[in-house]
Amino acid sequence: MKYFLQRVAFYLFTAWAAITLNFFIPRMVPGDPVQALITKFQGQLSSKAIESLYVLFGLDKDKSVWQEYLDYWNQLFHGDLGLSFTFFPTPVSEIISSSLPWTLTLVGITTVISFFLGTGLGVLAGWRRGSWADGLLPVTTFLSSVPYFWLGIIAIYLLTGPDSFFPSSGGFGSGLVPAWDQYFIPSAIQHSLLPALTILISSVSGWILSMRNMMVTVSSEDYITVAHAKGLSDRRVALSYAARNALLPNVSGFALSLGFIVGGTLLVEIVFSYPGVGFQLFQALGAQDYPLMQGIFLIITISVLVANLIADVAYLLLDPRTRKEG
Amino acid sequence: MTSIPDAKAPAGEVVLEAIGLTKHFPVRRKLRDLFSHRHDVVHAVDDVDLTLRRGQVVALVGESGSGKSTIARLLAQLYPRTGGDIQLHGETTKVRGGAAFRRYCSQVQMIFQDPFASLNPTHTIRYHLTRSLKIHGNAGTTAGDLAQALDDLLERVQLTPPERYLDKFPHELSGGQRQRVAIARALGAGPEALLADEPVSMLDVSIRLGVLNLLRDLRDRLDLAILYITHDIASARYFADQTMVMYAGRLVEGGDSETVTQSPAHPYTKLLIHSAPDPDRMIGGSEAEGEDAGNGEPPSLIHPPTGCRFHPRCPVAMERCRTDLPVPLQIGDVPGHWAACWLYDSDDKAEVKQ
Amino acid sequence: MAQPEADKPTKAKRQRFRFISNKKAAAGLIILGIYVVIAIIGPWVAPYDPDARGNDLVQPPSGAHWLGTTHLGQDVFSQLLSGTRSVMFVGFFAGTVATVLSVLIGVTAGYLGGRTDEGLSALSNVFLVIPALPLIIIITSTLESAEDWLIALVIGFTSWSWNARVLRAQTLSLRRRDFVDASRATGEKTWRVIVFELMPNLTAVIASGFVGTVIFAVLSEITLAFIGVTSGTTWNWGTILFWAQGQQALAQEAWWWFIPAGLAIAILGTALSLINFGIDEFVSPRLRSVGKTKIKTVDGRTVRMRIGFTPVLSRSAAPHTHATPTPVIRKEVTQ
Amino acid sequence: ACGDSPNANKNADNSKAADFLSIGMPNGTVTDNNNPFIGTSAGASLGYRWTIYEPLGMWNNVKPADPAKPWLASEIKWADDYKALDVTIRDNATWSDGQKLTAEDVAYTFNLIKSKDALNVFAIPIDQVTVTGNKVTVTFKSSQFTAWHKIISQIPIVPKHLWEKIADPATDPIKEPVGSGPYTLKTFSQQGIVLERRESGYWQEKPAVKELRYTSYTDNNAQTTALATGASEWSFVFIPAYQQTFIAKDPEHFKVWAPGVLGIHGLYINTTRKPFDDPALRNAMNMVINRADIFNQAEAGYFHPELKSVTGLPEGAGDAFVTEAYKGKTLSVDVAGAKTLLTGAGYKLDGDTLKDKSGKPVTLKLSDPAPWSDYQTTLEIIKSNLAEIGIKATVDKPNQNVWDANVQKGDFDAVMRWTNGGSTPFDIYQTVMDGDLMKPIGTPAQQGNFGRFKSPEATAALKAYANATSDADRIPALATIQKIFVEQAPMLPIGSDNVGGAISTKNWIGWPSETDPYAPLQPTQSGALDVIMHLKPATS
Amino acid sequence: MSSTPVLEIRNLNVEYGLGDQAVRAVRDVNLTLHRGEVLGLAGESGSGKSTLAYGMTRLLAPPGVITGGEVIYHPEKGEAYDVLGLSDRHLQAFRWAETAIVFQGAMNSLNPVHKISTQLTDVLRAHRPEMSEAARNARAREMLKLVGIAADRMEAYPHQLSGGMRQRVMIGMALILQPQVVIMDEPTTALDVVMQRQILGQLIELRERLGFSVIFITHDLSLLVEFSNRIAIMYGGRIVEEAAAAAIYKDSLHPYSQGLLGSFPSLRGPRRELTGIPGTPPDLKGMPSGCSFHPRCPKAFEPCSTNIPVLARPDDSPRSVACWLHPVKEPVG
Ligand SMILES: Nc1ncnc2c1ncn2[C@@H]1O[C@H](COP(=O)(O)OP(=O)(O)OP(=O)(O)O)[C@@H](O)[C@H]1O
Ligand SMILES: Nc1ncnc2c1ncn2[C@@H]1O[C@H](COP(=O)(O)OP(=O)(O)OP(=O)(O)O)[C@@H](O)[C@H]1O
Ligand SMILES: [Mg+2]
Ligand SMILES: [Mg+2]
């Protein structure tokens with residue numbers, strides 16, 4: 001419990017730090033959102049209209065940074081992330097809520113699959129050292145060094161086309177509207193296959209490697225020998241004793257690497273035109289859309305934090321030593 | 001030039017003295033403690049008096065976690081103390097780094113339990129010894145002086161010929177050799193007092209004795225004052241002039257080694273001696289098993305038992321032991337033998353007899 | 001310490017460079033070496049100016065253009081060669097910045113402990129959970145001009161936390177080792193203890209962290225270049241990919257424009273990973289891939305070494321060494 | 001249970017070929033906003049606003065000098081001085097909710113713009129709006145000669161009875177748009193917007209296309225891929241090597257047409273920086289730029305049609321505006337001539353390096369944001385062109401915002417940028433040379449004259465052109481403007497803007513083309529509606 | 001205590017690694033464990049004690065290989081068989097049911113992430129699948145009680161127990177299937193003397209009640225002398241002397257055994273001057289020729305450096321020694 005409270009305190013602190021960072025970074029960005037907007041559309045606006053845009057965006061007020069900071073918090077507590085500039089006057093929260101599910105599903109599912117697949121293979125490679133499983137390592141090392149986006153683009157080139165089963169872009173078929181029905185869901189799954197595969201291929205090797213190393217380390221622990229000495233079956237020793245213990249460091253590693261994974265998927269979303277937050281962020285950057293940028297960065301950070309917290313809870317459940325009372 | 005001054009003062013002179021030495025480690029505060037004003041501490045060492053004399057070995061015996069190492073580190077000024085005083089040649093010393101600390105450790109040096117851990121694996125023996133000599137100004141002025149000093153050091157710890165060892169890395173030496181290097185490093189400072197924290201417990205049985213004999217030899221030749229910390233009471237008997245027994249952060253008995261080991265007074269000392277392996281007590285004769293040895297669990301040091309800390313385990317505990325802290329009491333048999341146990345309070349003795 | 005020491009350097013060398021004998025590390029180092037050489041001489045040996053336009057537009061590989069040309073007739077091979085420098089520079093510079101930061105923060109936190117530790121750990125944890133790449137993208141997008149060194153700085157400043165964490169843990173465990181206290185008890189100053197006692201023992205960890213950050217920095221730089229954040233004047237592989245993608249190289253079937261740069265990245269990444277494996281195995285010999293695992297028993301069966309079931313090569317009860325059956329008797333010595 | 005799913009009729013649609021048209025734009029994600037006045041809305045970004053809300057008339061960008069084609073207005077009349085507009089509103093037009101469209105609605109729209117600066121994106125100085133029967137008269141504070149097309153074709157007419165109730169029309173997302181156009185919004189999702197045909201009540205014959213499916217692709221690559229696979233049938237996007245990556249995939253059906261319009265792209269030079277304040281140097285630079293190379297390599301041979309006339313006006317759309325003095329005068333590469341010019345002006349070509357009058361080597365920093373790859377390629381080509389006369393140029397890729405700010409503040413050497421466009425060359429020249437738009441270095445000049453070109457003569461001529469009441473007054477003004485532009489080369493024109501598009505004739509025919517340029521082929525222009533009205537199924 | 005053997009080790013050879021790099025950690029070891037006895041195995045660090053113990057149950061981790069020998073096990077009922085020849089499945093069944101092992105550090109022998117109860121019942125589940133859940137728990141509880149741990153600690157995790165308790169849990173676990181042989185590899189070195197005596201005392205007591213045999217490994221000879229019936233002393237991978245505990249203590253024959261005994265200061269009796277053993281332990285890769293102890297042996301003479309002495313009985317007493325000082329009447333093993 002104590003451990004848990006400590007973690008929560010840490011997350012609150014991190015969230016605070018991230019939000020503050022998030023507040024300041026866009027303020028250091030040079031340039032001006034109104035101009036960026038005009039440039040984005042290579043548009044032609046009268047100076048009067050430009051003035052009115054400044055007013056609309058709330059950029060006219062001369063507030064102290066501190067005041068802005070307080071306002072920002074105040075807004076956050078009301079769940080208000082402001083209005084997007086690029087998609088003016090759509091609220092940022094609306095944009096995020098439409099794109100977040102995509103990212104969450106894609107990243108979430110692939111990460112979990114990648115984690116379990118990688119861990120499983122790692123257990124094999126670590127437990128049956130010297131067998132075929134060792135051959136896995138060089139291949140995975142190479143694949144993990146390939147940039148996500150490169151792999152994605154090649155996948156698009158090789159696997160998509162007019163008659164291909166794999167769509168080259170988007171999150172679902174055109175003409176469809178997101179809904180839980182038999183038209184939309186298969187289409188969404190179909191569209192997610194390639195991005196998911198890309199993420200999977202480039203992220204799975206990390207898990208294989210770290211799990212293998214942990215397995216090797218754990219294998220030489222006394223309790224493994226004891227488990228063998230107890231005459232337990234090889235399977236049981238491998239899973240309940242070795243893998244179970246080797247998993248622990250990987251679980252916390254899992255949580256911490258989420259940040260990296262999110263970074264990677266951002267690129268995958270860009271390449272596959274996947275309607276997730278990563279792509280939104282990319283667009284918001286180009287358009288100087290502070291509120292959207294802030295909102296997305298905040299959401300990404302908070303998702304990572306939440307995932308971390310979940311992983312921590314999992315760790316808590318998996319490792320009795322952290323449950324020390326008192 | 002000899003880097004280590006031989007015999008500065010007559011034997012028997014007090015070199016280092018601890019008076020009422022106390023060390024409490026703060027316990028990491030928990031979240032809920034933030035709201036209360038509780039400050040839990042580990043009572044690692046409480047009110048310990050200890051005297052190291054030139055040319056004498058004092059052994060400190062006690063079970064694991066009783067605070068032996070803490071005393072050594074306090075004496076080496078590696079920890080700031082919570083209370084009490086450490087006097088070097090009768091002068092109060094309280095140093096926290098800087099030149100004063102260096103001056104102090106040129107006189108008081110420490111040897112650690114684990115020779116595998118106390119030498120930096122990335123440095124050669126030469127580096128270790130040279131640093132020790134240089135820091136304390138014992139390296140002379142020329143390269144030749146240094147080489148000579150290094151040779152002297154290694155010879156002193158019987159690592160001969162010196163050239164064979166100087167450029168080795170610690171991992172290339174055996175445990176006994178490493179511990180000798182550690183001792184040489186301590187000697188490099190030219191100390192008057194050596195604090196040896198379980199210097200042989202990590203060594204192989206067959207080489208332990210060599211190191212102990214070396215230390216004894218150094219005591220005699222250099223008139224060093226040595227604090228010998230161990231959990232092996234038999235080796236204290238073998239090696240030390242005086243033996244102090246420690247239990248849960250407090251000294252419970254002290255005196256001449258032979259007396260303490262042969263006629264222990266404190267129930268804890270008795271338990272300790274009884275528990276030590278004794279080849280003469282062969283497997284058949286398990287009649288000794290009849291004695292109630294108490295349970296083996298040491299007490300919590302965060303909330304130590306009131307009164308005598310041994311009372312929960314003590315087979316002869318009295319009511320008074322639960323409430324009153326025992327004071328060191330002279331035991332009649334040999335001068336200088338004392339025990340902190342109410343059994344030896346003359347009034348109580350009478351009571352016990354009744 | 002001015003004595004001439006005959007065998008010391010070799011010994012020290014043996015100690016330090018032992019890990020090169022690790023096959024993986026050696027392979028990695030050789031590849032990395034090639035990259036470094038290319039980074040240094042690449043722009044000079046490149047057959048063309050990477051910017052120079054030619055008349056062969058989007059031509060497949062040929063004798064004149066080993067890796068074909070771009071839509072401007074530029075030589076892809078030359079771009080690849082010239083681009084190596086920027087990639088290596090950013091990788092190593094960012095790696096250095098991050099490593100220096102992580103050493104400063106991690107080792108300090110681990111060594112000093114207490115409040116300092118808590119503060120620094122919290123700081124590095126914050127950086128750890130905040131997704132790095134989006135942060136880097138956001139920060140670099142605020143830069144006036146994204147020069148290589150600036151990008152490297154930004155990457156360095158945002159990617160130190162993992163190493164700092166590892167170093168802190170490692171320092172904590174070293175801190176508890178006696179030799180640190182022993183050197184303090186010898187009278188060493190704190191900075192000397194950190195620099196001369198702790199740091200040499202951290203070299204493997206630092207090196208592995210450095211290599212890891214280099215991988216991350218290279219990938220980040222290339223990603224940034226790919227989405228258009230680069231300095232205008234230098235080439236790197238990301239820029240090649242940026243152009244290739246902008247011109248839809250693959251849709252034009254111009255694989256030579258897109259594939260080599262990605263392979264170059266992947267191979268560099270693999271080389272660096274191999275070095276890291278080498279370091280890992282050097283630090284923890286258990287991780288070394290087992291040599292021979294299949295062995296033949298006396299009766300010709302093949303058994304595999306595995307945990308929990310030690311292979312039995314022969315079950316004959318005949319002694320292996322032949323002790324002399326008839327002892328010599330020498331009464332004098334036997335008391 | 002799926003009967004009420006918005007996707008339920010998908011299969012039914014697919015069974016009958018070609019009753020929908022897929023339109024794509026590479027605009028990234030869009031948000032559910034159909035407010036026709038807001039440039040950030042999905043309707044504006046993808047262009048479908050014009051299929052819901054209609055303008056008064058259709059202006060054909062390809063033939064800018066032609067009068068507007070009546071649309072909601074059956075008759076459009078401008079006063080000679082272009083300060084008053086008389087329009088007659090069709091009486092058979094209805095809103096998609098069934099209400100009749102009246103002159104009141106038009107007046108309301110004009111008044112709305114007048115009262116809301118935020119909606120008045122063209123800053124039209126509306127003075128008075130009066131309604132008489134089915135006629136609306138609008139007066140303006142200044143001549144609208146150069147902006148008439150915006151008023152006629154760029155203002156969507158909105159229903160008064162609904163918009164009156166909207167609290168803030170400037171920010172309302174209008175989730176359920178009601179317009180007079182032939183289509184209504186059926187479903188909206190970030191990726192796909194479906195509009196369906198109004199089956200009754202449209203003032204003219206209903207279009208053949210039953211359903212319009214707009215998709216916003218995340219970037220050019222995705223859009224191009226979609227075009228090449230046939231997933232997109234109409235788009236406006238830069239397609240690198242379009243012959244190979246697009247046309248070749250289905251040469252029979254895939255077509256690209258990119259007519260130039262009165263808006264150009266060129267290299268803005270900062271005329272305050274030495275030695276580029278010297279027109280001779282700028283002219284010499286103009287003489288070495290290889291526009292054909294740029295057209296073929298950077299613009300894939302179609303996207304920004306090569307400028308030929310020295311006046312910077314595009315072929316076709318600009319022909320009518322080239323004044324007598326420059327008729328037939330074309331831009332060409334003349335390195336020798338440039339060298340002579342430079343030597344004459346006191347420059348020295350020292351080996352590979354051009355030295356200015358003070359003996360300093362001439363260097364130039366070209367910059368444009370990285371993602372604009374055609375500009376980047378253009379700059380690369382210009383860089384190598386300039387090297388031929390010894391100017392050492394470098395290409396910078398600053399971040400777009402930085403670039404933008406720097407261009408406006410005048411903190412640059414030379415950049416590729418576009419000019420405004422319109423129905424006359426005025427917008428082009430104004431963007432480049434208007435002294436009224438000029439701001440001191442460091443202060444953002446939002447409207448134009450980024451190069452800080454100072455010429456009171458040009459400023460006066462521009463003013464005269466805009467306010468002239470007759471062609472007789474306009475021609476000499478334009479001649480002066482062109483003379484200054486050609487002689488002083490404040491900006492080096494490179495290519496023209498286009499209102500083209502990429503299409504597939506597999507399902508639909510009737511698109512505008514070189515031979516029948518009845519409307520622009522860009523799906524986001526208001527003329528797109530005219531195009532849709534022309535489409536016929538390919539099979540019939 | 002009877003003289004019927006339960007476990008006979010014949011010329012067991014164990015190596016680490018293969019080919020030239022191999023380290024021969026156990027060399028031609030012959031040892032017999034009798035029913036009901038405590039056999040002490042002593043020797044300095046690296047002499048091969050643990051390797052021998054794990055080798056005979058095939059528990060050595062790679063790169064350990066058994067290169068030869070037999071380990072004959074005599075079950076209570078039925079034929080004797082060679083443990084090294086068992087198939088994997090039979091070996092699994094043999095383990096723990098017939099020989100159980102107690103390791104040095106209980107913290108490391110107990111899996112930190114499983115409850116004590118799980119780890120105890122694990123064994124039952126593997127070996128007595130027919131037992132019901134309740135019966136298993138009852139049995140586990142019973143074992144805990146036997147080693148003096150309250151049954152309510154069943155649901156505790158290892159880290160919640162003190163070192164002594166954990167070690168008792170291990171002992172309880174070792175006895176849960178009532179094996180014939182319990183191997184204890186330095187079971188108490190991590191504990192302090194008070195605890196050590198308690199646990200060993202308890203074990204001896206249990207042995208008397210349950211009648212299993214014990215192989216007790218430690219380098220603390222004085223402990224061995226007190227607690228075991230017979231002692232075998234290892235040096236450099238070989239057994240150099242083997243005799244009844246009292247015989248070793250009072251009258252050891254091998255100079256190494258003598259040196260070992262002379263290394264322990266005694267707590268009682270007169271203070272004697274101790275010498276220890278000079279020199280350093282041998283390197284298994286470059287073993288001295290002949291008797292591997294000869295470089296350190298104060299009494300070495302010429303055959304020692306060339307000829308390997310055989311472990312054999314020097315006289316009629318039931319003891320054997322491998323030393324040229326002690327002539328052999330008839331070789332054993
Ligand atoms: N840095 C520290 N912080 C908190 N508590 C400590 C610290 N160092 C020691 N202690 C506690 O102080 C007590 C005494 O420890 P110390 O190391 O002195 O015992 P010891 O007698 O040397 O034991 P051992 O024989 O195991 O070496 C123990 O309970 C220990 O947990
Ligand atoms: N995995 C291994 N690879 C190579 N050599 C090994 C390995 N494990 C043990 N050895 C060597 O085998 C020899 C015997 O080791 P073993 O652990 O059996 O000794 P021990 O008598 O149990 O010592 P200790 O008292 O320290 O436990 C040692 O010299 C050791 O160096
Ligand atoms: Mg200690
Ligand atoms: Mg062992």
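In what follows, chains carry the letters A, B, and so on, assigned in the order in which the sequence lines appear, proteins first and then strands, with residues in each chain numbered from 1.
- Environment of NZ in D:Lys506: sparse, with no more than 12 heavy atoms of neighbouring residues, nucleotides or ligands closer than 6.0 Å.
- Atoms CD and CD1, from C:Gln252 and D:Ile239 in turn, are 11.5 Å apart once rounded to the nearest 0.5 Å.
- For CG of C:Asp49, the number of neighbouring non-hydrogen atoms (other residues, nucleotides, ligands) closer than 6.0 Å is greater than 12.
- Only the side chain of C:Thr239 has a heavy atom closer than 4.5 Å to any heavy atom of chain D.
- Contact annotation: the side chain of C:Gln247 approaches that of D:Thr377 to within less than 4.5 Å [non-hydrogen atoms, C-beta and beyond].
- Contacts between D:Asp293 and chain C at a heavy-atom distance below 4.5 Å involve the side chain alone, from C-beta outward.
- Taking all atoms of both residues into account, the shortest heavy-atom contact from D:Pro240 to C:Gly246 is CG-O, 3.5 Å.
- Both the backbone and the side chain of D:Ile381 come within contact range of chain C, each with at least one heavy atom under 4.5 Å from a heavy atom of that chain.
- Residue contact with chain D, scored on non-hydrogen atoms closer than 4.5 Å, involves the side chain of C:Gln74 exclusively.
- Contact of D:Asn220 with chain C is made through the backbone alone, with heavy-atom distances under 4.5 Å.
- When the shell of 6.0 Å around NZ of D:Lys383 is examined, it contains more than 12 heavy atoms from other residues, nucleotides or ligands.
- Atoms CG and OG1, on C:Leu250 and D:Thr225 in that order, are 10.0 Å from each other to the nearest 0.5 Å.
- In this structure, D:Gln297 and C:His71 approach most closely via the heavy-atom pair O-CD2, 3.7 Å.
- A 6.0 Å sphere centred on NZ of D:Lys249 holds more than 12 heavy atoms belonging to other residues, nucleotides or ligands.
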